[in-house]
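Some notes on the structure that comes next.
A, B, ... follow the sequence lines: proteins, then strands. Residue 1 opens every chain.
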Amino acid sequence: MGEPGTKELLSLEDLEATSRHRTGRKHTLSILVENKPGVLTRIAGLFARRGFNLDTLTVGPTDDERISRITLTLDGALHPIDQVTKQLHKLVNVLKIRDLEPSETVARELAMFKLAADGTARAEVMQICEIFRGKVVDVTKKSITVEVTGTTDKIAAFERMVRPFGLVEMMRTGEIAISRGRGET
Amino acid sequence: MRAVDAVMECLKAEGVEVVFGYPGGANLPTYDAFVDAGIRHVLVRHEQGGGHAAEGYARATGKVGVCLATSGPGATNLVTSITNAMMDSTPVVYLTGQVRTELLGTDGFQEADMLGITMPVVKHSFLIQHPLEIPRAIHEAFHIARTGRPGPVVVDMPQDLSRAEIPYEPVMDVHLPGYQPTTEGNQKQIRQAAKALASARRPVVYAGGGVVNANAAEELTALVRADRFPVTLTLMGLGAYPAPDPQFLGMLGMHGTRAANYAIDEADLVCCVGARFDDRVTGKLDEFAPRAKFIHIDVDPAEISKNVPAHIPIVGDAKQILAKLVAEYRALKADSSRLEEWWQRIDQWRERHPLAYADSSDSEIKPQYMIEALHEATGGDCVVTSDVGQHQMWVAQYFPFTNPREWVNSGGLGTMGFGLPAAVGAAVGRPDKTVVCVTGDGSVQMNIQELATCATDGIPVKVLIMNNGYLGMVRQWQELFWDRRYSQVGMGTWPDFAKLAEAYGCTGMRCEDKTTLVEDIRRALETPGPVVVDVRVTQEENVYPMIAPGAPARDMVG
Ligand SMILES: Cc1ncc(C[n+]2csc(CCOP(=O)(O)OP(=O)(O)O)c2C)c(N)n1
Ligand SMILES: [Mg+2]
């Protein structure tokens, strides 16, 4: 481009496409929704229909009874996050979406592990539990149940440690997350 | 008053003059309210017909269409229309009856989870839980259907709640904190778009149904004429720019013109307005406009960079944005001569590959000629609706639409059975206009019962059946891509459409001779009331040119 005598207004070659790229990392979306019939189904249905895969999803009340908070995590390597948030925004009952910046966020998940550990194994489990700041919540002759809170990574690490003792059952809530500092999430 | 009487007040406050519907147990209260409401109700003969009639009304008038049905089967009969309205961004409010609240969730008689069934295909939906919510829900439904990217909204009303007594107070405002469509368009981006247009050597404007929805045809025309920009339209956009104009390249996409598809293929800048890079437009996505940068103007931010990454995205109302873009562009005083070479190239394509067909040497009616004859008989002054198939593509190719809202068809969903009820809606909404439904021998049978609606209510639609004895479009694909192994595409010779029309109380005609066709169509148009013309055309004619599914645009065949 740029023949002699032509005023160059803008070079088309230099224009860059807007994001549709994959970020490659985990994303935590914190979503405020109106408590209206079917709102969770609308969100779940949207994900299913558009082929977006959720890793975790939690729903809970907020300090305003008309509003709930949904926290969901998904893989930014698989999905263009801006498409996901734009589609979510089209739902009339969705009030606000934040794609939480990992460094600006405190995230926690609660997990409970039921282990078939007795005798010396039990002592070892309790030791691991202490290192992870877990808590024993139930004991029988043949089992021990502990609760652990932390980031998803920490819970995964705990699971790796105790699995060899005989994992009977595991339950995880999925992550909730709140922004650091004084501002609202 | 009863909640249903409040509904009538709400409809009047929304300016509703006519609704399309069908009664049943769960909406008995609503139908009782119609007796005194003074709102015209068109009784269709199938709820699907009612849904499409409301769509046709909305598309031809720009107003919100309204459709009513009872619970269960009545409501589920609307699902195709709701989906169709979603795909084509048509504003329709569907009011469905629901079983009494005490029966909800018990598989009560004629209970169907309408909220659940329609959730993936609505812009929004309401399940009424308290009678006091009803007036507000109705107004919110209209607001959502009409604004932003238009679409279908369902209001599901349990029977007991709809007949409850409520203190009615007019709702003066709607407040939807989670719904705030952007209208304005970012000024900086608009300026950037103007500069890009002024810098482009091979620009193409590609506009779609969004321009029609935004009532922005005039502004689009102003942009195209602000310079010698070539313009192409999608199937949904036809009429948004006058087809006879030399700057119009024809429709693009699967059955678009070669000039339009080749221009996109070689463009350095594509300015997309109110369109969404559908696969029927792009062909093979990776090879769509491979040399181009994209300006994308759309009211729905989720469409931007969904299929094709945009370089200059502008979210907002096309009417406002285009007006500003024209002003910005004019201020740049770009030199039109830079487009000289581009036009030479385009004109070459147009000369070499005009839309054409081999006419018959005898009296046989070629389907393409049938559309030309319709244009000649009407002078182009009519609203045309169509169904889905070859006849639809031939209308799109051979009927030069000049104004928006004069072409009503099912684009995104491709719903056979749309054409006749849509014509009913269009004729009710535009009594000043001749309304012609061009349909196929297959499609028309999918909602032919609406001829009774036309006869009973004196709705003067003119139905032209392009009778090729086949599910022609499917036959074409079997011929081209499945070794001509015809499977279940023959329609046989029945029914006798002219007799059937008479049985329904309409005028029936048949045409087999091309030499009298224009005259015959004229006669049909001049005959008062609804008329059905059975036009016998060449049986095995194909729609060309064509981009094979999944192939790149430059590999057009035929
Ligand atoms: C409800 C529905 N069912 C099936 C199809 C698939 N289909 C697309 S075109 C077509 C043939 C339509 O035949 P006809 O109405 O006679 O039109 P022609 O192609 O012959 O002009 C069919 C079956 C469809 N689009 N819609
Ligand atoms: Mg046919």
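- Contacts with chain B were tallied for A/Leu95, A/Val33, A/Leu15; A/Leu15 has the most, counting heavy-atom pairs under 4.5 Å.
- Only the backbone of A/Leu91 comes within contact range of chain B, judged by heavy atoms closer than 4.5 Å.
- A salt bridge links B/Glu303 with B/Lys306; the closest basic N to acidic carboxylate O contact falls under 4.0 Å.
- Aromatic ring pairs are classed by plane angle as parallel below 30°, tilted from 30° to 60° and perpendicular above 60°; the pair B/Phe294 and B/His311 is parallel.
- No donor-acceptor distance shorter than 3.5 angstrom exists from the side chain of A/Arg42 to the backbone of B/Met119, with no hydrogens or angles considered.
- You'll find the side chain of B/Arg100 stays beyond 4.5 Å of the side chain of B/Pro158, heavy atoms only.
- A salt bridge does not link A/Arg98 with A/Glu184: none of the charged nitrogens is closer than 4.0 Å to a carboxylate oxygen.
- In plain terms, the two heavy atoms of A/Ala177 and A/Thr71 that are nearest each other are N-CG2, 4.0 Å.
- Both the backbone and the side chain of A/Val92 come within less than 4.5 Å of a heavy atom in chain B.
- Residue B/Lys293 touches chain A through its side chain alone, counting heavy-atom pairs closer than 4.5 Å.
- Heavy atoms closer than 4.5 Å to chain A are found in both the backbone and the side chain of B/Ile304.
- For the set A/Lys90, A/His89, A/Gln87, the count of heavy-atom pairs under 4.5 angstrom toward chain B peaks at A/Lys90.
- Interface summary for chain A: among B/Lys123, B/His296, B/Glu140, B/His124, the most heavy-atom pairs under 4.5 angstrom belong to B/His124.
- Taking 4.0 Å as the cut-off between side-chain N and carboxylate O, B/Arg228 and B/Glu340 count as a salt-bridged pair.
- Note: B/Asp300 leads B/Leu176, B/Asp300, B/Leu115 in heavy-atom pairs under 4.5 Å with chain A.
- With a 4.5 angstrom heavy-atom cutoff, B/Gln192 touches chain A via backbone and side-chain atoms both.
- Looking at A/Arg49, only its side chain comes within 4.5 Å of chain B, counting heavy atoms on both sides.
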